[in-house]
Amino acid sequence: MTSISFDADTPTRAHETAIACLRDSVAAVLPDRVVRDAVAVEGDELRVADATYDLGRFDRVLVVGGGKAGDGVADALEAVLGDRIDGGVVVTPAPGRGERIDRLPGAHPVPSEAGVESASRIVELLAETDDRTLVLAVVTGGASAVIPTPADGISLSDLQATTDALLRSGAHIGELNAVRKHLSTLKGGGLARLAAPATVVGLVFSDVVGNDLGVVASGPTAPDDTTFDDALSVLARYDLDVPESVRDRLERGARGAVDETPKSDDPAFDRVTNHVLADAHAALSAARETARDRGYEPTILSSRVRGEAREAAKTHVAVAEEVAATGDPLDAPAVVLTGGECTVTVDGDGEGGPNLEYCLSAARELGTDAVVAAIDSDGEDGGTAVAGAVVDAATVETRSDESEAAAALADNDALPFLRERGRLVQTGPTGTNVNDLRVAVVDAPADDDV
Ligand SMILES: O=C(O)[C@H](O)CO
């Protein structure tokens, strides 16, 4: 079994508990564990979650897709299905070596030339499918950038510029992907359309709040409920300056001059089933058990927290303070878990990401003796090389800490501030992705310690 090492300074038991919760939550959604639990073959029967598929009905089994968890999912599928797999292409940021499924490179968060090349291999493979083909589609967070297939008239650099503008705007992932789905071939149900009439089974690792299948990885195997008009509205809402070719395609699409993405009544979905195999709630559930085992009263407050990271942190801190002050909603010692997707509106020029900003903002707010930690489950917060941070009231203690912290937030530069104080959590790329995981640990008052 894969295990991920969490490098963080843990001076107290509360810090240790915070890190143990995060470590176990990530471990619970690592691809080998998830796939081995959810996928099995017995004779000709393939089980995926609570569904079964008769392998005897198919001449070929292909595996396509990718994203941040793509490599691990492909490894696990090779282990479970072995020579029942006839071929495949999985595109990931750090491709390993496959036995039966080719592993090819793609970049995140901005798409690359290599990604375009790799994605074209998926398109070629899908051109060979027929109604006796079973396509196992690996749909994992990050795939929107990692597997770019620019639509007609859109160049890679157009796609890169548009992605960059969207990422800096603070647009949420549903908005971002409404635009991306209308600029590419495989997204927005495009994979299902190219695979038809094959049977398609989507194996989904969700990094999207609420597991909206049309949004995770830009929904390659799901009907798209957004339109060209929606994509144009996103550009208007955030006042985005995008390349002329992009605006032109979206405007032509809105006039009906370009085919819409497939909607729920499209026959392309007649033989498609999607299974969400891992998400933030599953990860937090594992953390809840860890907290309980360590003697804390745990709760998952929500796996769906979203909004500007620095603001969301204040609510988490407020709940920790309430626990300490009144015992609501839980008596200390308590662990309050949240997950979801926070965004950062980039105004400055610094180094950071949503979880780093979350922690810095929490550290400024903390007026109680609690520990707050937050990570991106993929190990790379906001595209940095760190997963997140673990902070307490002493992280921002003096007046000069406070003015440095305020300046760091204003410049979106949380990482150096937290690094100087030894507060970073580093894991390296974890090989999975269920978005952000956060924990607040509130110890019992000193005479009632755990
Ligand atoms: O790839 C993407 O679109 C995001 O990670 C959401 O799944």
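Side chains included, hydrogens not; waters and symmetry mates left out as well; all remaining heavy atoms used. In each ligand, atom 1 is the first atom listed, and ligand 1 is the first ligand listed. This one's a predicted model, so the numbers in the text were calculated from it and none came from an experiment.
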Quick one: closest heavy-atom pair of D71 and A94, and the distance?
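Residues D71 and A94, closest heavy atoms: OD2-O, 4.0 Å.
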Proximal atoms of ligand 1 relative to A143 (non-hydrogen, under 4.0 Å):
1 (O)
Residue G141 vicinity, atoms of ligand 1 by number, heavy atom under 4.0 Å
1 (O), 5 (O), 7 (O)
Would you mind telling me if ligand 1 is within reach of the side chain of [X], the backbone, both or neither, using heavy atoms under 4.0 Å?
X	value
V146	neither
S144	both
V208	side chain

Does any non-hydrogen side-chain atom of V91 lie less than 4.5 Å from one of V89?
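They are in contact (side-chain heavy atoms under 4.5 Å apart), so the answer is yes.
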What I'd like to find out is whether the side chain of I173 reaches to under 4.5 Å of the side chain of R180, using heavy atoms alone.
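Side-chain contact under 4.5 Å: yes.
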If you measure every N/O of [X] against every N/O of ligand 1, is any gap under 3.5 Å?
X	result
A217	yes
A145	no
D207	yes
N177	yes
G142	yes

Does a donor on one side chain and an acceptor on the other come within less than 3.5 Å for [X] and [Y]?
X	Y	result
S218	N177	yes
T432	T430	no
T227	D229	no
T345	E308	yes

Does R180 come within less than 4.0 angstrom of ligand 1, counting non-hydrogen atoms of the residue?
yes
Is R304 salt-bridged to E341, cutoff N-O under 4.0 Å?
no
